[in-house]
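The block underneath contains the structure these notes are about, expressed in structure tokens.
Below, read A as the first sequence line, B as the second, and so on, with proteins coming before strands; counting in each chain starts at 1.
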Protein chains: 2
Amino acid sequence: MRMTARPENLHQSRLLHLLRDEGPRSRAELGEMVRLSRSKLALELDRLVELGLVEPAGLAASRGGRRSAVVRLSPRLRFVAFDIGATSIDVAVTNGRLEVLGHVSEPCDVRLGAPAVLERALELLGKLRDDGLLPQVHGAGIGVPGPVSFREGIPVAPPIMPGWDRFPVREAIGRELGCPVLVDNDVNIMALGELHGGMARSVDDFLLVKIGTGIGCGIVVGGGIYRGVSGGAGDIGHIRVDDDGPLCACGNTGCLEAYFGGAALARDALAVARAGHSALLAERLAATGDVTAADVAAAAAAGDPAAVRLIREGGHRVGQVLAGLVSFFNPGLVIIAGGVARLGHALLAEVRSVVYRRSPPLATGNLPIVLSELGDTAGVVGATRLISDHVFSPA
Amino acid sequence: MRMTARPENLHQSRLLHLLRDEGPRSRAELGEMVRLSRSKLALELDRLVELGLVEPAGLAASRGGRRSAVVRLSPRLRFVAFDIGATSIDVAVTNGRLEVLGHVSEPCDVRLGAPAVLERALELLGKLRDDGLLPQVHGAGIGVPGPVSFREGIPVAPPIMPGWDRFPVREAIGRELGCPVLVDNDVNIMALGELHGGMARSVDDFLLVKIGTGIGCGIVVGGGIYRGVSGGAGDIGHIRVDDDGPLCACGNTGCLEAYFGGAALARDALAVARAGHSALLAERLAATGDVTAADVAAAAAAGDPAAVRLIREGGHRVGQVLAGLVSFFNPGLVIIAGGVARLGHALLAEVRSVVYRRSPPLATGNLPIVLSELGDTAGVVGATRLISDHVFSPA
DNA sequence: CGGACTTTCCCCACTCACAGAACAAAGCCG
DNA sequence: CGGCTTTGTTCTGTGAGTGGGGAAAGTCCG
């Protein structure tokens, strides 16, 4: 029993990627797409069948001649995704085509430390395994809410993950599952998710801004994640908006996150509730003794003017930072994602307004700014995309 | 007589790049570097000699055996660089190794329009040609002070270049010189210059910030220029620093360029001179009726406190924007270049201070911020690097 | 000065990847 | 049923590239 089969050359790799992204195809169609002679193609496909990665899937309807033999990725292929958030864990299992077969999610504080959180993640995977979803795991992708040394597969100097610094995440999970594992920043894997199944499918250079507990940005250059020289690229939460803004946890003042991170939004909402400017928020305060970012979202969705106003102000700040990034990076698309983004057409309108006003026409002329449509699945799909790109490439 | 010889395959391309960047080498050394068998290597080198791109250069000293036959790029190879600035033209001719053989520079207002400026550039090239430097031109690189559609070789919507919008620069110069021509933003070619011969030689991801008439940024990702989806990447001059800053030519307020572009610096210097806060600047005002950015530079170099203060304030603004870009991009190096940068250790100190304070430790932990050492040659060397990368690649 | 050793260059045969032709199989249409 | 089309399979030719075996041209040492 081979541990994990990998393609032997670039042709096989391209075939796997095609079967993953385009679905089952006839040999003739595949030959067309990879520009290989039929003979060579048959050779490589036979090898892939031998490796257990591909299998025949019957005959297609005739198109005027002999019926073509369709091939597909082996339906027994499985990829696993762990999306570790600041306050939650998502675990999912997909087939070779990255279609989600099972997905569980539960609240979990990342501050419990790496061993405890990873063990809980594996327990959640165990649940899915009991459903019979896991004949064989071919790879696992992991997203964590902080900077990562991608090459080593370990978090480095993560601000909100005490007890994770340089913890060998890849090695630990790899030992447990016995398959290739890759670890990346959670925002990066969300960007990969959008690249695979979201609005960014045909966009080479784009940004994904995630607004949640923290604020981060996934950067895609030429169809691949850009991570910077030390894995810290996209850390936009502490970009300065103003000198005389609120004090941030990082020690500076006026950081974007201090204006509009999850904690900042809760802080402002609390002030609004106490001042009596919002009936809905005051009600929440009375009921639970606290007001959260989710409460603001709910209140805004219900049309509460003060809540909408909080979101618009935050959107304004995000837009100011994003306008600078758009000027600098000239992306082909900007996607807003994360908890706060879930509801926000008010947010989106404000962000758009500021970016379209403050960035050069050349950069905004053909720039869609949209909300993510993928929600929670962006992260897990991106994680499996990350690992499948790796497993489907020659060793 | 072939027009312009190009390598026929990737092996030949790699050999040319090696001979360009590493200098003349023996066949044995080249074989080592490109991992080719001696037989194949001899074949490809012979083809390059036939194409006139490479020629034998005698025998090296023996290292204990038969003396090795050294090959080098043909010394008759010539690349031409046109670096069109906002207020100047630089024209240079290099050999195949991008060593500058002749370089002329003269003031010229880009606002004279494309035909006039390009004609003047060709006249300057004529001067160099008269010196016998141009047996045959193998390619020309052009830098212009504005956004460029790199694929088409034309400026697009340039703010400071009236009469250049969509002017077919590449076609015009190509027709005149009868060789391949590439056109790019002037900041991008400066970045390429630093990549080739400056401090960025071994850095894959870095930023070059040019502070001159305008403020722009060259972005290098993975050893190549990143241009964005519409060629507008790096346009950081209009990133917002503050809401209540000076009015900018772009119509917004508080743009970086409105704080510290060439015009802004002259404006502030004039105010200082009129207010009598600087003896040196007041003297210049009296003598010439005006004060320029160059006057501030000279005064600061002479130790004038008010001039130094102007530069430090500007550096502070640049640092604030740069801190954001460093957080976002996590580069391995930042180079400050351009007219204002020429003198500025005060400037550099201020930029560093702000960036190191405001960007995350992970991004600044190992981040040199330096002044360009190449000066005017960065642009012309970068332009020839641009075109030689093209000419030295298979058609 | 001559022989042992080294390094480089050149020629040749062998391997390998791949394309393309030829052939076989399996369908459509009239 | 026979021509036509599409697909899959087998076979052979071709060009790229490797590696071995001299030959050439040095150095070093006795």
Side-chain angles (χ1 to χ4, degrees), chain A residues 6-19 22-51 53-74 392-395, chain B residues 5-19 22-51 53-73 392-395:
Chain A
R6 297 275 290 275
E8 297 161 332
N9 57 43
L10 273 174
H11 294 308
Q12 294 179 14
S13 171
R14 291 186 59 193
L15 288 168
L16 290 173
H17 277 91
L18 272 174
L19 289 173
E22 310 288 333
R25 286 295 138 110
S26 75
R27 298 166 100 91
E29 285 172 306
L30 287 172
E32 193 91 346
M33 297 194 229
V34 297
R35 314 285 308 153
L36 271 182
S37 66
R38 287 178 300 188
S39 44
K40 181 64 178 164
L41 178 78
L43 216 70
E44 300 297 356
L45 280 177
D46 290 347
R47 281 298 297 147
L48 286 173
V49 171
E50 278 180 55
L51 290 171
L53 292 170
V54 158
E55 64 172 41
L59 301 176
S62 166
R63 297 202 326 244
R66 176 173 170 174
R67 296 171 62 188
S68 36
V70 175
V71 294
R72 66 176 174 205
L73 288 180
S74 165
F392 284 173
S393 297
Chain B
R6 297 276 289 276
E8 298 159 333
N9 56 43
L10 272 174
H11 294 307
Q12 294 180 13
S13 173
R14 291 187 58 194
L15 288 168
L16 290 173
H17 277 90
L18 273 173
L19 290 172
E22 311 287 333
R25 284 296 139 109
S26 74
R27 299 167 97 91
E29 285 173 305
L30 288 173
E32 193 91 347
M33 296 195 224
V34 297
R35 312 288 308 156
L36 270 182
S37 67
R38 290 165 310 199
S39 41
K40 182 61 181 165
L41 177 77
L43 216 69
E44 300 298 355
L45 280 177
D46 289 349
R47 280 299 294 147
L48 286 173
V49 171
E50 276 181 55
L51 291 172
L53 292 170
V54 158
E55 64 172 41
L59 301 176
S62 166
R63 296 201 326 244
R66 175 172 170 176
R67 297 171 62 189
S68 37
V70 175
V71 294
R72 65 177 174 204
L73 288 181
F392 284 173
S393 297

Results of side chain to side chain contact (heavy atoms under 4.5 Å, CB included) for [X] - residues two or more places apart only:
{"X": "B:Val34", "value": "B:Arg14, B:Leu15, B:Leu18, B:Leu36, B:Leu41"}
{"X": "B:Ser39", "value": "B:Ser37"}
{"X": "A:Ser68", "value": "A:Ser26, A:Ala60"}
{"X": "A:Ala42", "value": "A:Arg27"}

- Query: Any side-chain N or O of A:His11 under 4.0 Å from OP1/OP2 of C:dA17?
  - Reply: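 No.
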
Any residue meeting salt bridge (charged side-chain N to carboxylate O under 4.0 Å, His left out) with [X], in chain and number order, not counting sequence neighbours:
{"X": "B:Glu8", "answer": "B:Arg47"}
{"X": "A:Glu32", "answer": "none"}
{"X": "A:Glu55", "answer": "A:Arg72"}

- Item | Separation of C:dC18 P from A:Asn9 CG (nearest whole Å) |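 So the CG-P distance, A:Asn9 to C:dC18, works out to 7 Å.
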
- Query: In the 5'-to-3' direction, what one-character label does each nucleotide of nucleotides 24-30 of chain C receive under the scheme B = base within less than 4.0 Å of a protein heavy atom, S = sugar-phosphate only, - = no such atom?
  - Reply: BBBBS--

- Message: So if I take residues 36-48 of chain B and measure heavy-atom distances to DNA chain C, which residues fall below 4.0 Å?
- Response: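 Close to the strand are B:Arg38, B:Ser39.
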
- Query: Going by heavy atoms closer than 4.0 Å, what residues in residues 23-30 of chain A are next to DNA chain D?
  - Reply: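 Those residues are A:Arg27, A:Ala28.
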
